[in-house]
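Notes follow once the structure below has been shown.
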Amino acid sequence: MALTDNYLRKTSLKKNELNLVFKYNVSKVKHFTIKKNGLTKHIYDIQNTALPNTINITQFKAQGVKAFRIGQYSKEVIRVVIESINSMEGIFKIKGRKLTLMLPSSLDKKSKKIKKTKTKQYDYNPARKYQTIFLDAGHGGRDIGASSTFVREKDLTLTMTLKLKNILKKMGYRVLLTRDRDKFMNLKQRTDYVYRRKGSIFISIHANAAPRKKTKGVRYEGMEVFYLSLKNSKRIRNKRAIYRGRKVYSKSAYRKMVSSWKFSESKKLANLVHYNILSHVGRQYKIYDKGIKRKDFWVLLATKIPSILVETGYLTNKNEVKKLKNSDYQTRLMEGIARGINSYYGL
Ligand SMILES: [Zn+2]
């Protein structure tokens with residue numbers, strides 16, 4: 001007898017998906033494969049669920065599938081087995097009470113696409129299309145930024161920013177970039193670009209370098225997230241933003257730049273992005289946390305929307321630069337930022 005009363009209520013086969021609906025939410029599914037004689041058995045152990053006698057799936061037929069099986073594997077685990085002839089990735093989705101198992105034919109096309117673009121799948125939410133995210137790849141052109149052997153900050157920030165753009169677009173956001181290639185832009189050109197357009201949030205991506213004169217006791221390694229502080233800022237005079245010694249933007253523009261709304265939203269965004277980078281990257285790699293900091297960076301000041309700057313790591317730190325050059329590490333970092341954005345919007 002089963003120990004749980006989370007019974008399987010309904011099964012259906014539709015458009016290359018096998019759907020299983022339970023009485024309560026599905027908590028966890030363990031998936032693994034066994035290959036034998038040109039067949040791949042995909043095994044899904046659905047935790048804390050029970051199978052009523054009335055449900056079977058052996059009658060289902062789908063392209064590329066030799067057989068479907070289902071059974072009460074242990075007292076609280078239902079096991080579904082899909083014997084596939086065609087290649088199948090074993091992707092499954094849990095949405096509340098519903099578990100969806102993706103079948104071969106639909107994945108054949110998708111998996112080819114995945115190989116071509118070398119990108120992952122991300123959950124798409126149509127509500128995100130109302131949010132425009134500005135991304136700013138630090139430096140560019142003659143402004144190399146920080147550098148160490150074989151890595152220049154301007155290249156790294158562009159690579160990571162393009163990755164983040166792809167992730168966010170797949171998730172459903174509108175994305176605008178201050179630069180999408182190796183091009184010089186001064187800081188005011190960047191903020192002018194953002195200031196003149198309608199958008200929701202601004203994120204600037206950078207990498208760090210230890211200064212020539214190192215301060216004792218400071219660790220020049222790790223990730224940190226900045227938002228605006230006006231404390232001791234020399235950029236401010238007569239309530240106007242100063243850029244290269246010149247007052248720019250009107251007083252009313254300045255008021256928007258330093259509105260308490262922008263401060264509190266930037267703080268919230270910084271917190272969520274910081275937290276999500278640490279937890280998401282931390283699942284796979286060691287990442288040192290330099291924390292959330294405040295500074296009067298021009299790009300954080302001269303926008304009227306919530307703005308943050310992410311220092312992804314130190315190019316001058318041997319261990320960290322190795323990771324920063326690793327494409328998978330870069331992807332994880334950017335996924336962390338994207339997750340932070342999702343939680344900022346609650347989407
Ligand atoms: Zn930089």
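Remember, it's 1-based here, ligands and their atoms both numbered in the order they're listed.
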Could you tell me whether Arg219 sits above the aromatic face of Tyr288, with NZ or CZ closer than 6.0 angstrom to the six-membered ring centre and within 45 degrees of the axis?
-> yes
Going by chain and number, the hydrophobic cluster around Val81 (ILVMFWY, side chain to side chain under 4.5 Å) further includes Phe32, Ile34, Ile43
Determine whether the side chains of His206 and Glu311 contain a donor N or O and an acceptor N or O closer than 3.5 Å.
-> no
With Tyr173, which residues qualify under side-chain hydrogen bond (donor to acceptor under 3.5 Å, both in side chains), at least two apart?
-> Asn342
Take Lys154 and Asp182 through the test salt bridge (charged side-chain N to carboxylate O under 4.0 Å, His left out) and record every step on the way to the result.
-> CA-CA 8 Å; Lys154 66 166 187 174; Asp182 186 18; 3.0 Å; yes
Atoms of protein origin (N, O or S) under 2.8 Å from the Zn ion (ligand 1) | His139 NE2, Glu153 OE2, His206 ND1
Listed by chain and number, what are the ring-ring contact (aromatic ring centres under 6.0 Å, His included) partners of Tyr275, not counting sequence neighbours?
-> none
